[in-house]
Every structure is written in structure tokens, then in C-alpha cells.
Undergrad: 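The structure under discussion is supplied below as C-alpha cells; questions concerning it will follow.
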Amino acid sequence: MPDAFEQLRRRMVETQIIPRGVREKRVIEAMVKVPRHRFVADEAAPMAYSDMALPSSEGQTISQPYMVALMSELLELKGDEKVLEIGTGSGYQTAVLAELAAQVYTIEFFNGLSEMAEKTLGELGYENIHFLVGDGSKGWPEAAPFQGIIVTAAAPEIPPPLFKQLAEGGNIVIPVGARDSQRLIKGKKHNGRLIEEEHTFCSFVPLLGEYGF
Ligand code: SAH
């Protein structure tokens, strides 16, 4: 059912996402579909479709729409994959992934954020998302392997457990670098090794936990 914000979402996609080079049809459809305003703090709702990161409900950050679209596209999902997300946050990126993959496993460090995201995503009717509270830098070994892994917090390096839990042929997308500035990296597992590609510079909140900052 179209909601009042659908036109704003179409504009967001046409002005912020397509012109910057995101072309994958399924990603564009997901960005048009997922109601971003449901994931931001109430006072930020009027800004939900603007070209910026925003505060989410518990003092955390919800990434800029373009960054969500780009990271989703880099995962190269066809629809039948099992995907791992580190950093549930508001759950916005989780919703986009749930549109693009068969099953989404998402880990959040903070219980309050995970609960809030689970509530919102439940209200929106998603049934293919599995939630875990804990240190996502260690991955989710019981559910591995994953055909795609996305980390929405900045890491000093690719956490070795995540490499291990990535399926052959799968992609990991992760901001790697210093605490305040990183490079978005896409790694594809090929013959048990990671072939890395460097993408845009970015600035994510730090990954916590064993393999974080
Ligand atoms: N994808 C989110 C943006 C999240 S911001 C969205 O669309 O809203 C990064 C999130 O990563 C924060 O919620 C933070 O608490 C979480 N985080 C940081 N380190 C983590 C870790 N080791 N394991 C799980 N989550 C972590």
C-alpha cells in the first residue's frame, strides 16, 4: 500500500541514489519501498528522506540513504542468500537487506537498540530476520556460512571470524580504517582468499567488541 512518504522516497532515489551510480534494479526497488521515516527519531522524521545520516531512536546513527544503497548493491544479492549484518542499529539497513535476501541474521551490541529494531521490523511485517544481541565482530558461527556479510560500523581490519564465516563466492562489505575516517571495502571470497576492492571514503561509528576499536 502506498504511504504518504512514497513520493519523498522516489525523489530520494532519483536525486541521491541513481545519479551517484547505483543501478541494480532490486536495490532501487527496495530503497523506494522501505519506509525510512519509521526508523529515525520522531523529531528527525521530517528529514527522513534527506541526503544525510540521522539520529535514530536511542542516540545512534542511521546511515545516509546513498550509503545504504551502495553497500546493499556491493553485496550482489540475487534473493536466495543468507546474509549477516553487524550493527542492527535502527534496523533500516536490515529492512533493505530483508527485501534483497532470503534470510537476514543481524547482531547489535546494545539490547535497547535491538529490541527497538525488532519491534519496528515486526510492525512492518518482516518475517525473515533473526536478531542477536552481542559482539558481532565475532560473527554468528552457529548460522554460518553466509553468502553476504555487511558491517555498518567502522573496523580497524576485517575481523577474522567474519572472513571465516563468509561462504565461497560471497561478498563482505565493511568500512575499514581509522576511528574517524574509513574506506568502504568490498571483499569477495575466491578460492578461500579475499579479493578486495576499495570504494568511497566514509565515516561510520566505531565497531566495538573483540575485533573492533
Ligand atoms: N545499520 C544501522 C546503522 C547502525 S550504526 C542503521 O541502518 O540504522 C552502527 C551500529 O553498530 C550501532 O547500533 C552500534 O551499537 C553497533 N555496533 C557497534 N559495534 C558492534 C558490535 N561489535 N557488534 C554488534 N553491533 C555493534
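Hydrogens, waters and symmetry mates play no part in the numbers below; they use all other heavy atoms, side chains included. Just so we're clear, the structure is a prediction, and the values are computed from it rather than from any experiment. We count ligands from 1, going down the list as the structure has it; atoms in each ligand are counted the same way.
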Undergrad: With distance as the sole test, does Q147 use its side chain to make a donor-acceptor pair with the main-chain N or O of K82 at under 3.5 Å?
TA: yes
Undergrad: With heavy-atom distances below 4.0 Å as the criterion, list the atoms of ligand 1 near S90.
TA: 6 (C), 7 (O), 8 (O)
Undergrad: Taking 4.0 angstrom as the limit and counting only heavy atoms of V205, give me the atoms of ligand 1 inside it, by number and element.
TA: 5 (S), 9 (C)
Undergrad: Validate the cation-pi geometry between K138 and Y211: distance from NZ or CZ to the six-membered ring centre under 6.0 Å, angle to the ring axis within 45°.
TA: no
Undergrad: Regarding Q93 and T152, is there a side-chain donor-to-acceptor distance under 3.5 Å anywhere?
TA: no
Undergrad: Out of all atoms in ligand 1, which are within 4.0 Å of some heavy atom of E85? Include the element for each.
TA: 1 (N)
Undergrad: Suppose I only count heavy atoms of L207 and a 4.0 Å limit; which atoms of ligand 1 are within that range?
TA: 19 (N), 20 (C), 21 (C), 22 (N)
Undergrad: At what distance is the nearest protein heavy atom to atom 5 (S) of ligand 1, and which residue and atom is it?
TA: T61 O, 3.3 Å
Undergrad: Do the rings of F5 and H37 sit parallel, tilted or perpendicular, given the 30° and 60° boundaries?
TA: parallel
Undergrad: Any atoms of ligand 1 less than 4.0 Å from a non-hydrogen atom of G134? List them with their elements.
TA: 23 (N), 24 (C)
Undergrad: So between P206, G89, G136, whose heavy atom ends up nearest atom 21 (C) of ligand 1?
TA: G136
Undergrad: I'd like to check which ligand 1 atoms, numbered from 1 as shown, lie under 4.0 Å from a non-hydrogen atom of Y92.
TA: 7 (O)
Undergrad: Does the side chain of Y49 pick up a donor-acceptor pair with the side chain of R9 at under 3.5 Å?
TA: yes
Undergrad: Hey, are E6 and R10 close enough for a salt bridge, meaning a charged N less than 4.0 Å from a carboxylate O?
TA: yes
Undergrad: Check E108 against ligand 1 and report side chain, backbone, both or neither, counting heavy atoms closer than 4.0 Å.
TA: both
Undergrad: Are the side chain of E168 and the backbone of N191 linked by a donor-acceptor contact shorter than 3.5 Å?
TA: yes
Undergrad: Exactly one of E76, E198, E196, E73 should register a side-chain hydrogen bond (donor to acceptor under 3.5 Å, both in side chains) with K186. Which one does?
TA: E76
Undergrad: Of the protein's non-hydrogen atoms, which lies at the shortest distance from atom 11 (O) of ligand 1, and what is that distance?
TA: G87 CA, 3.2 Å
Undergrad: Same cluster or not: are I150 and I17 linked, directly or through other Ile, Leu, Val, Met, Phe, Trp or Tyr residues, by side-chain heavy atoms under 4.5 angstrom apart?
TA: yes
Undergrad: Show me which atoms of ligand 1 lie under 4.0 Å from any heavy atom of S137.
TA: 22 (N)
Undergrad: Flag S63 as yes when one of its N or O atoms lies below 3.5 Å from any N or O atom of ligand 1, and as no otherwise.
TA: no
Undergrad: Among all protein heavy atoms, pick the one closest to atom 22 (N) of ligand 1 and tell me residue, atom and distance.
TA: L208 O, 2.7 Å
Undergrad: Is a donor from one side chain sitting under 3.5 angstrom from an acceptor on the other, for S114 and E108?
TA: no
Undergrad: Under a 4.0 angstrom heavy-atom cut-off, which atoms of ligand 1 come close to L113?
TA: 13 (O), 15 (O)
Undergrad: Counting non-hydrogen protein atoms only, what is the nearest one to atom 26 (C) of ligand 1? Give residue, atom name and distance.
TA: F109 CB, 3.7 Å
Undergrad: Would you say M67 ends up clustered with I174 if hydrophobic residues are merged whenever their side chains have heavy atoms under 4.5 Å apart, either directly or through other cluster members?
TA: no
Undergrad: To check your reading of the model: name the closest protein heavy atom to atom 7 (O) of ligand 1, its residue, and the distance in Å.
TA: Q93 N, 3.2 Å
Undergrad: Does the residue V68 have a heavy-atom contact with ligand 1, meaning some pair of atoms that are separated by less than 4.0 Å?
TA: no
